[in-house]
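Taking it in order: structure first as structure tokens, then the write-up.
Scope of the values below: all heavy atoms of this structure, side chains included, with no hydrogens, waters or symmetry mates. Everything numeric here is computed off the predicted structure, so don't read it as measured data. Throughout, protein chains are lettered first and strands after them, A, B, ... in sequence-line order, and every chain is numbered starting at 1.
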Amino acid sequence: MPQSLPFRSRLATTAGQMAAAASRKLGRGRGQVVGGRIMLRLDPALLHRLAAPMRVTVVSATNGKSTTTRLIAQALRSIGSVAHNATGANMGAGLVTALADNPAARFAALEVDEAHLPDVVRQTGADQLVLLNLTRDQLDRGSEVRLLAERWRQLAADLGPETQVVANADDPVVAWAAQAAPNTLWVGCGQRWTADSALCPACGAPLARAGGRWVCPSCGMARPETSWSVLPDADQIATPDGSVRLRLALPGRFNAGNAAIALAAVCSRGVPKEAALQAFAQVSDVDGRYVQTLAGDHKVRLLLGKNPASWAEMMFLVADSDALLVTVLNARGADGRDPSWIWDVDFEDWAGRPVWVAGERRFDMAVRLETAGLEVIGVSQDPLAALDQAQPNQSLDIVANYTAFQQLRAELVPS
Amino acid sequence: MNQAVGIVHLYPTLMGTYGDGGNVRLLVRRLAVRGLGATVITVNPGDAVPELADLYVIGGGEDVSQVVAARQLATSGALGRALDRGAVLFAVCAGLQVLGHSFEVAGGRLEPGLGLLDATTVRRQPRAVGEVLAQPFDGSPLLTGYENHGGGTLLGPLARPLAQVIAGVGNGGGAKGDGTEGMVQGNIVATYLHGPVLARNPALADRLLAMALAGGRPSGASGLGQVGRPNAKRSIRLPELAPYEAPYVADLRAEREQYTRSGRLSAESARTRR
């Protein structure tokens, strides 16, 4: 721990780390949040103090923030040590724990909850913000997309030119927020889900879209020109000096988009492009997402589908798979208590496909999938009950939302 | 296959934030299992609103979207003409608010509604968020759904409440709320419930389909009770739809009812203890 920290901060850090270790020993989870809460109780300025000597990159979005942050952290390690909240604890307590675990780090790569972004930027003095997308998620908490976008825009307007905003030009909501910043690097990450940006974020008129571009016929706001972007085949990224080939171990077009914005961000930090691409290639799972594991004789792939936009991406990912599809739906506080959003996903595109339906809200999903014409072969609270129905050696693709995913990861992936 | 029922899905991109597009999927499905066809026309912002459809469906959305939808519908005028012709209109949440005389948006601004429903919406604190259980006044099965709204709607004499709230807020009009949920006026049926509401309440879906199949002819005979324009004298039986029990719906309804009642009980006992 740096001696430069005041005694109070060092005490707070030690006490929090001890509490986290005790929590882990008791099997109460990973301890970051409980430890971080104690740290902040003893020294409310600890996040600011720990972050002060670091170059801090914060990543925020509805979807893709864990993966993008992981890619950024992996690449930054090629030029210096990195503090990283790798387990997705993305509010104050989780962030302070991540920094305290690596207080001498040169860089910090932090994923941050969308609603907490302005506060975290102010406290950490982050000089790089990576903004990916804002779409509907957990609407019962009252954070409609519009309100978050306004908070982000206000934050961007308050930034100085020394702070770089790296923003996805393909999400009109993000573009509107980020264009208020004095120093913005635009990246084309692509966006399959457009239902939350039907209207111009600036003037409210319906947006026109064609060929991946968008423009407001009323006020003229348009997709910013990009110097970095995912090319249509999704394994190439256009950069200011020529295109490069991605060699991602992570699947899906959306992960190519995550890699594009991560690449732009780390190259701005001085990571050579080739070193970044090499680092990206080493990432094969992100805190359990996409992980391939075994349950009995069956290969199991864990996928996170937590809102309509991420579910839409996951359905494309599993479209060509001959694995048995298992969906798991909960609606606890961290998931959002209202799972109506499953009706926004075009499951109709997968009519006829057999599916096992699990989780605490399995009946909501069973009604949804049956209405869409999928063949619901069984329902159970426990997703692993599907194993009995799988053919010998057939693999399983399990798409679970947030708390269901956490449970499964704890069960299936040794930590 | 008989003639198709014409369904107009109004502004799903604006008014579909809470999964309400599922209502249209449900209606189409419940027609299909009876061998009946459906033609769904999706109306996006800027499109003309067709006047000759049988059933119009509008869902919930955020403030800005709601204002855009209200203005486009007011400019078009097609919805009022369709209703005069006997079409059926089903509205959820912000869609319900838009149909009233006026609705208040964030910042206290009062926006004009379409005046098709005798109802007025003002902001209410706190926001009504959570599971709802309500008993329809006509004795049809319990309504179950999820509400999430910052407006409270007061009904005028021409609009009749759809159901009595057992748990949750519902319309939430007046200082303490009036304990009613949803409303019916002529061929308009409106509710605050998401879920989507027709997935959780197939009896309501079938009622709307029966009304639409009757050519929107008003009925005072059964079902939602006082369905019919205020001055309607006729009483025409609605067509019977073959019973259809969709798989897992009974499980879903039972699970939600139990959850909601147990939550209400624990809230009540907490109050008693204090």
Between chain A and each of B:Pro12, B:Gly22, B:Gly21, B:Gly150, count heavy-atom pairs under 4.5 Å; write down the option with the most. B:Gly22
Under 4.5 Å to a heavy atom of chain B? For A:Ala366 that would be both
Non-hydrogen side-chain atoms of B:Glu62 and A:Val145 separated by less than 4.5 Å: yes
Contacting region of B:Glu131 [heavy-atom separation from chain A under 4.5 Å]: side chain
Whether the side chain of A:Arg368 engages the backbone of B:Ala199 through a donor-acceptor N/O pair (distance < 3.5 Å, no angle test) should be reported. no
Whether the side chain of A:Ser340 engages the backbone of B:Gly19 through a donor-acceptor N/O pair (distance < 3.5 Å, no angle test) should be reported. no
Can you see which heavy atom on A:Ala198 is nearest to which on B:Thr13, and at what distance? CB-CB, 3.6 Å
Ion pair B:Arg25/A:Glu348, N-O distance below 4.0 Å: yes
At a heavy-atom separation under 4.5 Å, does A:Val357 approach chain B through its side chain, its backbone, both, or neither? neither
When the 4.5 angstrom heavy-atom criterion is applied to B:Val249 and chain A, the contacting part is both
B:Arg30 versus chain A, heavy atoms under 4.5 Å apart: side chain, backbone, both or neither? neither
Proximity breakdown for B:Arg256 and chain A, heavy-atom pairs closer than 4.5 Å: side chain
In Å, rounded to the nearest 0.5 Å, how long is the span from CG of A:Leu369 to OH of B:Tyr248? 10.0 Å
